[in-house]
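Computed from heavy atoms alone, side chains included, the values below leave out hydrogens, waters and symmetry copies. From a predicted model like this one, the values you see are computed outputs, not experimental measurements.
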There are 2 protein chains.
Amino acid sequence: MSIRILLADDHSVVRQGLRMFLGLDPDLEVVGEARNGVEAVRLAQELAPDVVLMDILMPEMDGLEATRQIRALLPDTEVIALTSVLENEKVFDAIRSGAIGYLLKDTESEELCRAIKAAAAGQVQLSPQAAAQLLRQERSSEPEIEALTPRETEVLRLLAHGLANKEIARDLGIGEKTVKTHVSNILSKMGVLSRTQAALQAVKMGLVSVDES
Amino acid sequence: MSIRILLADDHSVVRQGLRMFLGLDPDLEVVGEARNGVEAVRLAQELAPDVVLMDILMPEMDGLEATRQIRALLPDTEVIALTSVLENEKVFDAIRSGAIGYLLKDTESEELCRAIKAAAAGQVQLSPQAAAQLLRQERSSEPEIEALTPRETEVLRLLAHGLANKEIARDLGIGEKTVKTHVSNILSKMGVLSRTQAALQAVKMGLVSVDES
DNA sequence: TTGTGGCTCGGACTTTTGGCGGAGAGGGAA
DNA sequence: TTCCCTCTCCGCCAAAAGTCCGAGCCACAA
């Protein structure tokens with residue numbers, strides 16, 4: 001009985017590549033391909049695969065949310081997060097979302113096959129780099145960013161688009177003084193010293209996209 | 001006589017995927033793989049392939065510089081830029097660097113084979129999306145960002161890390177007034193109104209990476 | 001030689017930013 | 001009801017940011 005695999009990646013090149021060389025291993029069988037998170041959840045329900053190889057960055061619904069839903073619906077299906085870049089928080093996020101593994105796309109094929117088999121058996125698999133990052137994160141005693149209130153998040157979003165306090169006030173229909181209070185609280189909570197640092201941090205966290213406006 | 005292809009991509013999954021399904025076409029033959037720009041240039045000299053499939057984002061040396069060098073050294077070798085995302089300036093940059101085509105990684109395999117054969121014959125190939133972008137760019141009459149001087153670029157780099165004028169001055173060993181002059185000129189040249197906007201723009205342009213410091 | 005442009009500063013000035021303390025209104029939880 | 005949090009705003013103030021003008025130095029090109 002071979003291990004049944006569902007691929008979820010928005011790039012057809014990656015999907016075809018994975019399908020090809022996973023097909024070379026007689027123990028592995030690719031039973032479906034999804035090109036976004038919504039498709040991934042739907043196909044996972046239909047096919048009930050043993051393992052899902054899930055790209056984190058996808059249109060429609062990202063891999064993290066898809067992972068959460070799949071894990072909730074199909075407790076016997078393991079998810080391995082597969083991504084091209086090693087992003088700091090993403091490793092944590094993936095594990096938190098229920099992924100049993102986190103692998104980089106430049107993983108060699110033998111190692112990938114090994115990881116899939118381990119995942120199907122319920123064993124945790126991480127790229128050495130990802131594992132190192134995870135340890136580093138844990139050691140560094142979590143800066144523990146205090147949660148921003150909805151209003152503060154809104155202000156930060158505008159701030160991270162390069163707006164001045166006066167413009168933010170106009171956009172939100174409130175006084176400039178109020179905006180300054182919010183900004184002050186935001187800087188304090190985020191542990192940064194200037195609005196510029198806050199804006200960069202917001203981009204880094206993915207609150208705003210780099211190519212927005 | 002089949003078309004000889006060199007792959008250049010830092011992700012082994014992508015390389016293996018491409019190698020697999022390009023191998024299915026009897027007219028195409030993958031003769032080498034490079035995992036960064038330096039390797040790509042070296043292998044191109046050794047192998048003199050007909051076509052290089054070049055990822056834009058790679059460590060060591062990026063695909064654009066590698067393309068320039070290969071085109072300079074081997075005029076008969078055509079380069080097709082292959083990237084996962086459609087980045088505004090990157091399309092232009094790739095063409096400027098000497099690439100004959102610009103394809104997205106989610107291109108279907110048949111179209112990819114067709115594009116390679118067209119490139120080998122010296123015909124220009126662009127993803128429909130890339131072509132559209134190119135036309136849009138040309139229409140939009142280039143905002144024409146005035147070029148920054150080396151010193152200004154250096155200041156912008158530090159500024160985009162969230163440093164204050166005083167810190168930049170200390171780092172560069174110059175006076176704070178001088179930094180303010182530079183910043184003022186930078187804002188003017190970039191057409192933005194604040195250092196925060198300049199920092200965001202710098203990230204967008206790729207001058208600094210989002211996960212640096 | 002005579003520019004020209006880049007880098008460096010200065011003075012003087014306005015605007016923006018950010019901190020600190022206080023405070024009222026509203027909502028929700030104990 | 002009594003907190004506690006959020007959102008709103010005030011005044012006051014110091015620091016940072018940014019503009020405008022002028023100026024010296026240096027290297028490099030015409």
If you check every side-chain atom of Ser184(A), which of dA17(D), dG18(C), dT8(C) has the closest atom?
dG18(C)
Selection from dG18(D), dG18(C), dC9(C) that lies nearest to any side-chain heavy atom of Leu187(B)
dG18(D)
Any side-chain heavy atom of Leu158(B) sitting closer than 4.5 Å to one from Leu172(B)?
yes
Side chains of Leu200(A) and Val192(A): does their closest heavy-atom pair fall under 4.5 Å?
no
Got Val41(B) and Gln45(B) here, is their nearest side-chain heavy-atom distance under 4.5 Å?
yes
Any heavy-atom pair between the side chains of Asn185(A) and Arg151(A) that's under 4.5 Å?
no
Between dT8(C) (C1') and Glu152(B) (CD): distance, integer Å
13 Å
Which whole-number value in Å describes the distance from Glu176(B) CD to dG18(D) C1'?
11 Å
Can you tell me if the side-chain N/O atoms of Asn165(B) get under 4.0 Å from OP1 or OP2 in dA16(D)?
no
If I take atom NZ in residue Lys180(B) and atom P in nucleotide dT17(C), what distance separates them, rounded to the nearest angstrom?
14 Å
Could you tell me whether Ser194(A) contacts a base, only the sugar-phosphate backbone, or nothing, with contacts defined as non-hydrogen atoms closer than 4.0 Å?
sugar-phosphate
Does His182(A) have a side-chain nitrogen or oxygen under 4.0 Å from the phosphate oxygens OP1 or OP2 of dT6(D)?
no
For the pair made of CD in Gln197(B) and P in dA17(D), what is the distance, rounded to whole Å?
15 Å
Which of these nucleotides, dT6(D), dA17(D), dC9(D), is closest to any side-chain atom of Ala164(B)?
dA17(D)
Rounded to whole Å, the CG-C1' distance (Leu163(A) to dT17(C)) equals 15 Å
Would you indicate whether the side-chain heavy atoms of Gln197(B) and Met190(B) approach each other to under 4.5 Å?
no
Would you say Arg195(B) reaches dA17(D)'s phosphate, i.e. side-chain N/O to OP1/OP2 under 4.0 Å?
yes
To the nearest 10 degrees, how far apart in direction are the end axes of the helix from dT1(C)-dA30(D) to dA30(C)-dT1(D), each fit to five base pairs?
40°
Using the side chain to side chain contact (heavy atoms under 4.5 Å, CB included) rule, pick out the option among Asp50(A), Ile70(A), Leu6(A), Leu47(A) that qualifies with Thr77(A).
Ile70(A)
Between Lys177(A) and Thr149(B), whichever has its closest DNA chain C nucleotide further toward 5' is Thr149(B)
Could you check if a side-chain atom of Glu46(A) sits within less than 4.5 angstrom of a side-chain atom of Leu43(A), using non-hydrogen atoms only?
yes
Among dG18(C), dT8(D), dC7(C), which is the nearest nucleotide to the side chain of Thr178(A)?
dT8(D)
Once you round to the nearest 0.5 Å, how far does CD of Gln16(A) lie from CD of Glu33(A)?
7.0 Å
Give the residues of residues 166-175 of chain A touching DNA chain D, defined as any heavy atom closer than 4.0 Å, sorted by residue number.
Ile174(A), Gly175(A)
